[in-house]
Protein chains: 2
Amino acid sequence: MADTFVNNPSFFKLDATLKKLRNYWQKMFDSRQMDITVDQWLLVENLYKHKKTTHNELARNTSKDITTISRIIELLVKKGLVKREADTYDRRKVYLQLTPDGTEKYKQVKPLVHEMRKTGWKSLTEADYAELTRILDTIYNNIPTKI
Amino acid sequence: MADTFVNNPSFFKLDATLKKLRNYWQKMFDSRQMDITVDQWLLVENLYKHKKTTHNELARNTSKDITTISRIIELLVKKGLVKREADTYDRRKVYLQLTPDGTEKYKQVKPLVHEMRKTGWKSLTEADYAELTRILDTIYNNIPTKI
DNA sequence: GCAAAATAGTTGCTATAACAACTATTGCTA
DNA sequence: TAGCAATAGTTGTTATAGCAACTATTTTGC
């Protein structure tokens, strides 16, 4: 393998792109008074799709640490967007689901997210999307999970 | 544009890939007792390349907020890897540069970083790297800086 | 059946991210 | 040249990220 890309800062480029995306999303949320953060949105979106799930599943689905999930959910519960419900049979488990306000929030934010995704992908094709997916998946799978 | 990728979670995939990379790097740093974080490393690497620079330049070069730079530099100064030096003519400016220990740290960590970059790119080609760069740059430039 | 291991989740701590507000200094302009 | 704007950097606050240690349950293995 040539040094060309071993020395090249792909980590930096990923980080810079993601940060710009995240800031753009957050500023759009703020300017429309959505009263939500980007990561809170990602959890709401996931809860909308899965209806009823646990901290653990949510962590797996969102690639977030379970402690991070625990804290974001705490904020969403305080905002009245999510409710917790203990499992009857396994008392360690807590099911999470959107409240009616949470569902309302999802429907309110969704179109804006759709627009922002279009903005980000402007001038790119479906083939580009497939390429990006392939490359990122390859990198993901190249990285050892245990070292 | 078809909905295929407007609905597709590219944000999520970028985030997941970057997080896995970051965790892998950090665990490798920890297992080799490098006593440094990933972002501290990015600043050390940058200071090695630019020899003498300011908070502001470092922020631009690393895509980090200047407040974040200020705090990471504080940690690096405490570790003895970086020293601050006031500009003689413009007393607002502070120049940053690696100490001998900082240069030593760079040389110690660099080969490991090189190895990890090879690991991440295993089974990918230079054409893949060019594609990733092109797509990420396009997304980056698609995002409005001011909203 | 009981002790140990595994699972589910929370809390403490440190680091990074970003906005707002702040000090200090320098440059600009009426 | 006085006052205001711009620049360089720091500090306060809130949020996300992840490790370690913790409680509380449930499952496993002898």
Next item on the list: Kindly indicate whether the side chain of R71(A), heavy atoms from C-beta on, has any atom under 4.5 Å from the side chain of L75(A).
Entry: no
Item checked: With L98(A), the side chain to side chain contact (heavy atoms under 4.5 Å, CB included) member among L76(A), L43(A), V44(A) -> V44(A)
Checklist line | Protein-nucleotide distance (F29(A), atom CZ; dC19(C), atom P), rounded to Å | finding: 15 Å
Check: Any donor-acceptor pair under 3.5 Å between the side chain of R92(B) and the base of dT7(D)?
Finding: yes
Note to self: Students often get this wrong, so: under 4.0 angstrom with heavy atoms, is Q26(A) touching a base, only sugar-phosphate, or nothing?
What the structure shows: nothing
Item checked: Closest-nucleotide ordering on DNA chain C, the 5'-leading residue of H55(A) and R22(A) -> H55(A)
Checklist line | L75(B) CG - dA15(C) P separation (whole Å) | finding: 5 Å
Note to self: Using a 4.0 Å heavy-atom cut-off, does I69(A) contact any base of the nucleic acid, only the sugar-phosphate backbone, or nothing at all?
What the structure shows: nothing
Note to self: Pairing donors with acceptors under 3.5 angstrom, does anything connect the side chains of D65(A) and T67(A)?
What the structure shows: yes
Next item on the list: Using whole Å, report how far CD1 of I73(B) lies from P of dT16(C).
Entry: 11 Å
Next item on the list: Can you tell me the distance, in whole Å, between the CG atom of D65(A) and the P atom of dG12(C)?
Entry: 16 Å
Notebook entry, point to check: What is the nucleic acid contact for Y89(B), judged by heavy atoms within less than 4.0 Å: base, sugar-phosphate only, or nothing?
Noted result: sugar-phosphate
Note to self: Does a side-chain N or O of K19(B) approach OP1 or OP2 of dA17(D) to a distance below 4.0 Å, or not?
What the structure shows: yes
Notebook entry, point to check: Is the shortest side-chain N/O distance from N56(B) to OP1 or OP2 of dT7(D) below 4.0 Å?
Noted result: no
Checklist line | Between dT16(D) (P) and N23(B) (CG): distance, integer Å | finding: 17 Å
Check: Could you state the NZ-P distance from K93(B) to dA6(D), rounded to the nearest angstrom?
Finding: 18 Å
Item checked: Base dG18(D) to side chain R71(A), donor-acceptor N/O within 3.5 Å cut-off -> yes
Next item on the list: Determine whether the side chains of D30(A) and Q26(A) contain a donor N or O and an acceptor N or O closer than 3.5 Å.
Entry: yes
Margin query: Does dT10(C) have its OP1 or OP2 closer than 4.0 Å to a side-chain nitrogen or oxygen of S70(A)?
Written below: yes
Notebook entry, point to check: Rounded to whole angstroms, how far apart are CD1 on I36(A) and P on dT14(D)?
Noted result: 19 Å
Notebook entry, point to check: K79(A) NZ to dT14(D) C1': how many Å, rounded?
Noted result: 11 Å
Margin query: OP1 or OP2 of dA17(D) versus the side-chain N and O atoms of K64(A): is any pair under 4.0 Å?
Written below: yes
Next item on the list: Mind checking E74(B) for me? I need base, sugar-phosphate or nothing, with any heavy atom below 4.0 Å counting as a touch.
Entry: nothing
Note to self: Categorize T37(A) for me: base, sugar-phosphate, or nothing, with a 4.0 angstrom heavy-atom threshold over every strand shown.
What the structure shows: sugar-phosphate
